[in-house]
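Below is one structure, written out as structure tokens; the observations come after it.
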Amino acid sequence: MGFLKWATSPWGQTVPIHIAWFLIWVAVIVGLVFLIVHAAYMLLFGKEKEFAQGATANVSALPNRIPRHSLAARLFHWVMAAAMFTLLYTAFMPRIGTRFPWVTYHWIAGTVLAVSIVFHIVHATFYMDFWSIWPDWTDLVDGARRVLRFFGKPVPPPRKFAKYPLENKLFHGVVMLCGLSVIVTGVLMMSRIRTIFFPRNPYLYSDMTWGLMYVLHGLAGVGLISLVMMHVYFGIRPEKWAITKSMILGWMSRDFYLKEHDPKRWNVEGKG
Ligand code: HEM
């Protein structure tokens, strides 16, 4: 059982041509196992989160609705989500039985994803708090404390979160790697098919390079199946609903902010 599909090039060289499609099912099963184990754990052993007593916020200076995502950031998120679902559907449904002319829908959705990500990079670099999504030292120390407490070790509770909890930051990092992989390879792969952007040129790279590119595109693509499943699962969990709602409405309640966020690490005083 190989993880890749191979073929012989016109020059007699054995080259990979893409991933073996059973990996689609592996990714679906990984996603399902993750969410079943997590849901069962939360149901049987889940407790209220405990945080260390940290800085106290000046509650009177806080707005009732804590602004979390600007309109531009929310529009980006939902456009990207629509492109992502279209890409997953058009890429994998034809492999598991539903036949339709998927390539055109796929590269159009791919273009939407690529453009939305370029927008996001510029927006995040120049207009948002760029560093808020990268783990900092406090996240790492608190992450280690949470793991040790899980195993019953007597360590102090973690501090409250900055704007994003460590899990969200790590998820963003992994999705970014998979997303950039499908985008860079996908844009290059567009020269193998007919699109409105550049003339078709399947001889741009050697058969081996094309093969490896299709493999990377496929691996990152199936990785995104599990990642998207986990993301949607957390989005609909009741204790995360305040966060999901903020991606729709743009704000979260002051109570939720005070419960989970450290005003020193994510200062929103005076921001209405
Ligand atoms: C969620 C993201 C994506 C997934 C899951 C995905 C998945 C796939 C899969 C499984 C294939 C078939 C590859 C093969 O036969 O080995 C494919 C082909 C392709 N994808 Fe994607 N892709 C994604 C994003 C993109 C993006 C962002 C672009 C363009 C910017 C793109 C452009 C293409 C092109 C041009 C092909 C080649 C079609 C062909 O050679 O017939 N894809 N994609």
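Both counts, for ligands and for their atoms, begin at 1 and track the order of listing. We count residues from 1, following the sequence as given.
If you check which protein heavy atom lies closest to atom 16 (O) of ligand 1, you get H18 CB, 2.6 Å. Protein heavy atom at the shortest distance from atom 12 (C) of ligand 1 is R95 NH2, 3.5 Å. In this structure, the protein non-hydrogen atom closest to atom 26 (C) of ligand 1 is G110 CA, 3.6 Å. Regarding atom 10 (C) of ligand 1, its nearest protein heavy-atom neighbour is F92 CE2, 3.5 Å. G186 C, 3.6 Å is the protein heavy atom nearest to atom 29 (C) of ligand 1. When hydrogens are left out, the protein atom nearest atom 33 (C) of ligand 1 is H106 CD2, 3.4 Å; that is the closest non-hydrogen contact. For atom 9 (C) of ligand 1, the closest non-hydrogen atom on the protein side is A91 CB, 3.8 Å.
Heavy-atom proximity to Y214, at under 4.0 Å, picks out these atoms of ligand 1: 13 (C), 14 (C), 15 (O), 16 (O), 37 (C), 39 (C), 40 (O). Of all atoms in ligand 1, numbered sequentially from 1 with element shown, those under 4.0 Å from a heavy atom of M84 are 1 (C). Applying the 4.0 Å criterion to heavy atoms of G221 picks out, from ligand 1, the atoms 5 (C). The distance from ligand 1 to the heavy atoms of L224 drops below 4.0 Å at these ligand atoms: 1 (C), 2 (C). Those atoms of ligand 1 with a heavy atom of I193 less than 4.0 angstrom away are 35 (C), 39 (C), 40 (O), 41 (O). Residue L88 has at least one heavy-atom neighbour below 4.0 Å for each of these atoms of ligand 1: 5 (C). Ligand-side atoms of ligand 1 in range of V187: 29 (C), 30 (C), range being under 4.0 angstrom from any heavy atom.
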Show your working on side chain to side chain contact (heavy atoms under 4.5 Å, CB included) between H69 and M247 and close with a plain yes or no.
CA-CA 6 Å; H69 299 296; M247 191 46 92; 3.7 Å; yes

Chi angles and distances behind the ring pair (Phe, Tyr, Trp, His ring centres under 6.0 Å) call for H38, F234 = CA-CA 10 Å; H38 184 274; F234 281 117; 5.0 Å; yes

| message | Run F171 and Y164 through ring pair (Phe, Tyr, Trp, His ring centres under 6.0 Å) and show every step you take. | response | CA-CA 11 Å; F171 179 81; Y164 299 108; over 10 Å; no

*asked:* Let's go through M84 and V228 carefully: what are the C-alpha distance in whole Å and the side-chain angles of both, what is the deciding distance for side chain to side chain contact (heavy atoms under 4.5 Å, CB included) to 0.1 Å, and is it a yes or a no?
replied: CA-CA 9 Å; M84 183 62 81; V228 168; 3.9 Å; yes

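For D139 and K169, the salt-bridge test passes: some basic side-chain N is under 4.0 Å from an acidic carboxylate O. A salt bridge does not link K49 to E239: none of the charged side-chain nitrogens sits closer than 4.0 Å to a carboxylate oxygen. At a threshold of 4.0 Å, the pair K240-E167 does not count as salt-bridged, since none of the basic side-chain nitrogens sits closer than that to a carboxylate oxygen. With salt bridges taken as basic N to acidic carboxylate O contacts below 4.0 Å, one links D142 and R159.
Comparing T111, V222, I19, L87 against atom 24 (C) of ligand 1, the shortest heavy-atom distance belongs to L87.
With a 4.0 Å heavy-atom cut-off, ligand 1 is reached by no atom of V215. If you look at W102 next to ligand 1, the close heavy atoms, those under 4.0 Å, all belong to the side chain. Within the 4.0 Å heavy-atom criterion, neither part of F197 lies near ligand 1. With a heavy-atom cut-off of 4.0 Å, M189 touches ligand 1 through backbone and side chain alike.
Look at K5 and you'll find every heavy atom at least 4.0 Å from all atoms of ligand 1. Put simply, no part of R192 is less than 4.0 Å from ligand 1, judged by heavy atoms.
Ring geometry for H261 against Y257 counts as parallel: the plane angle stays under 30°, on a 0 to 90° scale with 60° as the upper cut. Taking the six-membered ring where tryptophan is involved, the planes of H217 and H106 are perpendicular, since the angle between them exceeds 60° and thus also 30°. Between W210 and Y205, the ring-plane angle classifies as perpendicular under the 30° and 60° cut-offs.
The minimum distance between atom 21 (Fe) of ligand 1 and any N, O or S atom of H217 involves atom NE2.
Checked against the 6.0 Å centroid criterion, the rings of H172 and W134 qualify as a close aromatic pair.
By the 6.0 Å contact criterion, CZ on F151 is open, its count of non-hydrogen atoms from other residues, nucleotides or ligands being 12 or less.
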